[in-house]
Amino acid sequence: MFLCIGIGFFFALPSLYGDDPALQISGTHGIEIDQAKADEITNLLSSKDLNVSSVELEKGQLLIRFDNTDVQIAAKELVSSTLGSNYIVALNLAPATPNWMRSLGMHPLKLGLDLRGGVHFLMEVDMEEAMKKMRAQLTNDFRTELRNHNIRLTGARAEGDHVTVEFREKSIRDEGKKLLESRHPDFIFENEERDGKYFLRATMTPAKLSDMRTNAVDQNINIIRNRVNELGVAEPLVQRQGAERLVVELPGVQDTARAKEILGATATLEFRLVDSGADAQAAAAGHVPAGDEVIYDAHGYPVVVAKQVVLTGDHITGAEASMDENNRPQVNISLDSRGGSIMSAFTKDHIGKPMGTNFIEFTVIPSDDPNAPKPGEPGYKPKFKKVEQMINVATIQARLGSNFRITGLDSPKEAHNLALLLRAGALIAPIQIVEERTIGPSLGQQNIENGMKAMAYGLIFLVIFMVFYYKGFGMIANLALIFNLVLLVGIMSSIPGATMTLPGIAGIVLTLGMAVDANVLIYERIREEIRRGTPIQTAIHEGYARAFVTIADSNITTFITALILFMVGTGAVKGFALVLMIGLASSMFTAVTACRAVVNIIWGGRNLKKLSI
């Protein structure tokens, strides 16, 4: 029993140290901070008499701690104006936990946005672009499936909300329709005939369309969560809001620039076959061969590629930057099983031909209409521009599989940045920040102080009541309350991703009250046994044994309610439910086990005539 409480105190200990005001400095577009740059920044601060508590350089990012927020703000203005636009200087709060605790995996209790301050984003998914991308993928799938079964088609293309496949003969169309219907039951296939040609039009059912929209948002949520975790900005809260929007909260981050750069990045790749026989200059002038298009490289040189995409970045499972045998930067790519099969089948038939790697980003197009709704205003709909760049053209030397590499990059930093974005995931569709809010640490501190006051007042009232009403046993109940609070904070600190919010503090206050309730049931049972004339030691035993069933029953029903809240709730509701569940479990332990152990130590084995209860 005491071992469990000791472990809880051990994990709760880092929360006593609080946070240090800090600056988090990182480079944009893959730029990393080295030791020389860190020394330059430190010397700059020293020259202006801005005292630095500590400097930490890790993974190309610099964290500088200060003694107070006044120095922190002055340092931010100085460093931002000196470093320029190639670096992001963000206000932050860094845990003041000693290094030896961090080395043992001990971390302070994570505070939510309402307690710590931070940034809040409301983001909207460009669903039109998502559906366009999915229809393009379906077009390729239909084309591949028909050819694999030797069913000849004239062409396949996306037209509006449909995918249309063209055939030369009616019998071949009927054969193709039979195949596709068996493989795609979520589509409605309709025959069409015009100008002596035979067409098969595929339309998604309403249920399939709804699922694809939901999956697009869900995939973006997972990718954004992975991306923020990958770059180490903060513990994010990412959740859906409505059909096409999601909320991102980054506690502790006070500068939105770095967060915007991470969340707004929509980098992905496409692999295309290069038409080596086409005249690139003629194509750039407008004479593009049928079935081809022109994409420019980083130096503005036109590259003629096939419109058909061999493979997209959706199949990338891993990406690592490294140097090749000639000491030039490269990115090693790993594909999932389906992507590996597609790449293997394609390269087997195209050995000796060039294949290009197309890098794609989406940027927001500013509206020319001065009366158009601005970001954050009702009715705002962002418009995106697709920006493409051919970053690599290489000849297929052998049959490729699930692992290959991209070369031809300009610098190691470019390779590192590309690998980082691809490893974190490619967004299924571009997103736009339609609303942003920054909550200052002073407001969060005020919430903490108010919450702590409420908890302190409640705790003082309970302590006085229990001592006045139950005397010596009341003191033991108060000791159990302290044990319960220590266990709750220790468990919350050790759970990855658990965050304490203002509703969580309300959950702690509620838990303390319910913990006292368990002791009251036990003590009243002991009093009842003593009034019946039961010996003191027997009364204590009966009080704990018989009250346990009632305590367990009431706590289990409350725990089930809290579990349902946790499963279906979001944000603050989920945080409240988590604290309540942990508090219920720890209060059961402290009221029944810990209190009984203390009672046995004080009164056990003694021939008592009177009990302080």
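Keep in mind that the numbers below use all heavy atoms, side chains included, and drop hydrogens, waters and symmetry copies. Everything numeric in this text was worked out from a predicted model, so none of it was measured.
- Contact record, Ala539 with Ile526: O-CG1, 3.7 Å, taken as the closest heavy-atom pair.
- To the nearest 0.5 Å, the span separating CE on Met581 from CZ on Phe576 amounts to 11.0 Å.
- Pairs of residues two or more places apart, or lying in two chains, never qualify as salt bridge (Lys or Arg N to Asp or Glu O under 4.0 Å) while including a residue from residues 462-481.
- Atom-to-atom distance recorded for Thr538:OG1 and His541:NE2 is 8.0 Å, nearest 0.5 angstrom.
- Rounding to the nearest 0.5 Å places OH of Tyr470 at 13.5 Å from CD1 of Ile476.
- For Met475, the CE atom counts as loosely surrounded, since its 6.0 Å shell holds 12 or fewer non-hydrogen atoms of other residues, nucleotides or ligands.
- Side-chain contact between Val489 and Met500 is absent, with no heavy atoms from C-beta onward closer than 4.5 Å.
- For the residue pair Phe66 and Ala75, the shortest heavy atom distance occurs at CZ-CB, 3.5 Å.
- Residues satisfying the salt bridge (Lys or Arg N to Asp or Glu O under 4.0 Å) criterion with Arg527, sequence neighbours excluded, are Glu524.
- Nearest heavy-atom pair, Leu23 versus Gln72, reported as atom, atom and distance to 0.1 Å: CD2-O, 4.0 Å.
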Residues Ile522, Cys595; criterion side-chain contact (heavy atoms from CB on, under 4.5 Å); working and verdict: CA-CA 10 Å; Ile522 294 172; Cys595 284; over 6 Å; no

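- Looking only at distances, no side-chain donor or acceptor of Glu542 sits under 3.5 Å from a matching main-chain atom of Arg525.
- Expressed to the nearest 0.5 Å, how far CZ of Phe121 lies from CZ of Arg245 amounts to 15.0 Å.
- With Ser210 contributing its side chain and Pro206 its backbone, the two residues share no donor-acceptor pair below 3.5 Å.
- If you take CG on Leu481 and CG on Asn478, they are separated by 5.5 Å, rounding to the nearest 0.5 Å.
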side-chain contact (heavy atoms from CB on, under 4.5 Å), that's the test. Do Val599 and Tyr544 meet it? Break it down for me. CA-CA 11 Å; Val599 168; Tyr544 277 96; 3.6 Å; yes

Ile582 vs Ile495, side-chain contact (heavy atoms from CB on, under 4.5 Å): CA-CA, chis, key distance, verdict: CA-CA 11 Å; Ile582 296 173; Ile495 296 177; 3.7 Å; yes

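- Minimum interatomic distance between Ala22 and Leu63 (heavy atoms only, all atoms of both residues): CB-CD1, 3.9 Å.
- Contact detail for Ala38 and Ile33: the closest heavy-atom pair is N-CG2, 4.1 Å.
- The main-chain N or O of Ser554 is found under 3.5 Å from a side-chain atom of Thr557 such that the two form a donor-acceptor pair.
- No donor-acceptor distance shorter than 3.5 angstrom exists from the side chain of Thr593 to the backbone of Thr590, with no hydrogens or angles considered.
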Under the side-chain contact (heavy atoms from CB on, under 4.5 Å) rule, what do Asn51 and Val71 come out as? Steps first, then yes or no, please. CA-CA 7 Å; Asn51 295 325; Val71 179; 5.5 Å; no

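- Taken to the nearest 0.5 Å, the CG atom of Leu479 stands 12.0 Å off from the CE atom of Met466.
- At a threshold of 4.0 Å, the pair Glu528-Arg531 does not count as salt-bridged, since none of the basic side-chain nitrogens sits closer than that to a carboxylate oxygen.
- Between the side chains of Ser53 and Asp67, at least one donor N or O sits under 3.5 Å from an acceptor N or O.
- When all heavy atoms are compared, the tightest approach of Ala562 to Ala577 is O-CB, 3.3 Å.
- Using the six-membered ring where Trp is involved, Tyr523 and Phe473 have ring planes that are perpendicular, over 60° apart on the 30 and 60° scheme.
- In this model, no donor atom of one side chain and acceptor atom of the other lie less than 3.5 Å apart for Thr205 and Asp186.
- Ser587 contributes a side-chain N or O that, together with a main-chain N or O of Leu584, makes up a donor-acceptor pair within less than 3.5 Å.
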